[in-house]
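Hydrogens, waters and symmetry mates are skipped; everything else that's a heavy atom, side chains included, is used. We count ligands from 1, going down the list as the structure has it; atoms in each ligand are counted the same way. Since the model is a prediction, treat every value here as computed from it, not as a measurement.
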Amino acid sequence: MILHLSGVLTGDQVDTCRSRLTDTHWSDGRGSAGYLSAAVKSNAQLPDNHPLARELGEIIIRALDGNARFTAAALPLKMVPPLFNCYENDAHYGSHIDGAIRPVTGTPYRVRTDLSATVFLSDPETYQGGELVIEDSNGPSEIKLAAGDMILYPGTSIHHVKPVTSGKRLAAFFWIQSMVRSDHHRTMLFELDNAIQKIAMDSPDQSALTNLAGVYHNLLREWADT
Ligand code: NI
C-alpha cells in the first residue's frame, strides 16, 4: 500500500525545518548508501548523527505520535530517526531498493525497514523535477507532495528520485519496522480499521461493531510481534 498522509507537519513546523536547514552544511548522500545504491545516488544529506537531524527529527517523531492515520497504517514498532536530504542542480537518486536492515547510529539497535517514508518540506511549485517514483505491481507512481505531507510505502519497493532541474527539494526520510511484517496483512488491517471507523460514525448503535472490532484485534494478535 502506498499511502499519502496530508498535513503531517503544520506550516510552522515546515517553516522551522526549512529555515534551520537553509544554512546547514550538507554532506555527500552516498555516505549512507550501500554500494549498489551509492553508484546511482547524487544528492546531499545531513549525517545521521548531526545534531540538527536529531532536533528536526524529533519534530517529525512527535507529529507522528499523534497521527492516528499513520499509526493505523504503519502499526509502528520501531523507527530509524529521520534523515534529511537536499536535491538541487540536477541531483537525483537512480533506481534502487532500500537496505532491509538499518542500524540506528550510536545504539546497538537495528530496524527492519518494512516501510519507507518521505516527508516533503519544499513547496512543489518552487522546484522542477524531484518526483519520487515508486514501482509496484500497478506500475510506477510519481509522487510530489505539498510541504508537510508524507508518503508511506512498502520498503520492498524499487524507487527513484527524478533529477531536480531547478530550485531546491528538501525532504525528510526514514524507515519504520512495523509490528506486522507483511504489507498485505497491514493493508487488510488498515482497510478493516477504516471500515469499522466509518460504521462507528454512521451507525454507532450497531451491535455488530463489537464483533468487527473483535475480528480486527484477533487478526492483529495473530499477525503482530512486539
Ligand atoms: Ni531509497
Side-chain angles (χ1 to χ4, degrees), residues 1-5 8-9 17 21 26-50 53 56-57 60-61 64 70 73-74 76-105 109-122 124 127 129-145 147-165 168-178 181-183 186:
M1 171 175 57
I2 298 175
L3 186 69
H4 172 188
L5 294 154
V8 164
L9 298 183
C17 291
L21 290 168
W26 297 97
S27 301
D28 189 329
R30 283 174 292 193
S32 70
Y35 76 99
L36 276 178
S37 298
V40 294
K41 190 173 187 183
S42 145
N43 70 352
Q45 205 168 291
L46 278 188
D48 56 7
N49 53 359
H50 195 292
L56 300 181
I60 293 173
I61 290 168
L64 290 174
F70 166 76
L77 177 63
K78 297 192 271 187
M79 271 175 62
V80 175
L83 297 168
F84 293 82
N85 61 18
C86 175
Y87 290 78
E88 57 186 336
N89 304 320
D90 288 323
H92 59 277
Y93 196 167
S95 217
H96 67 281
I97 187 142
D98 297 338
I101 307 290
R102 297 286 307 194
V104 178
T105 303
Y109 303 114
R110 294 180 177 83
V111 172
R112 190 183 64 229
T113 57
D114 297 325
L115 291 150
S116 299
T118 297
V119 179
F120 288 73
L121 296 173
S122 298
Y127 62 98
E131 294 85 358
L132 169 65
V133 183
I134 303 167
E135 293 163 35
D136 68 7
S137 51
N138 296 321
S141 305
E142 294 208 358
I143 318 282
K144 185 168 179 174
L145 302 181
D149 285 13
M150 182 172 111
I151 198 82
L152 189 65
Y153 60 102
T156 49
S157 316
I158 290 178
H159 54 279
H160 65 274
V161 178
K162 288 185 163 184
V164 173
T165 53
K168 183 190 286 194
R169 174 197 191 269
L170 295 172
F173 62 103
F174 51 97
W175 296 271
I176 300 126
Q177 179 170 335
S178 177
R181 178 192 290 233
S182 155
D183 176 54
R186 276 195 312 272

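Qualifying side chain to side chain contact (heavy atoms under 4.5 Å, CB included) partners for A73, counting only residues two or more places apart in sequence or in other chains: M1, L3, L152, F190. Here A38 pairs with R30, A33 under the side chain to side chain contact (heavy atoms under 4.5 Å, CB included) rule; sequence neighbours left out.
Across every non-hydrogen atom of A117 and I176, the tightest pair is CB-CD1, 4.2 Å.
Between D98 and W175 there is a side-chain heavy-atom pair separated by less than 4.5 Å.
Around the Ni ion (ligand 1), protein N, O or S atoms at less than 2.8 Å number 3.
Counting only residues at least two apart or in different chains, salt bridge (Lys or Arg N to Asp or Glu O under 4.0 Å) contacts with residues 131-143 comprise E142-K162.
The closest side-chain donor-acceptor pair between H160 and H92, if any, does not fall under 3.5 angstrom.
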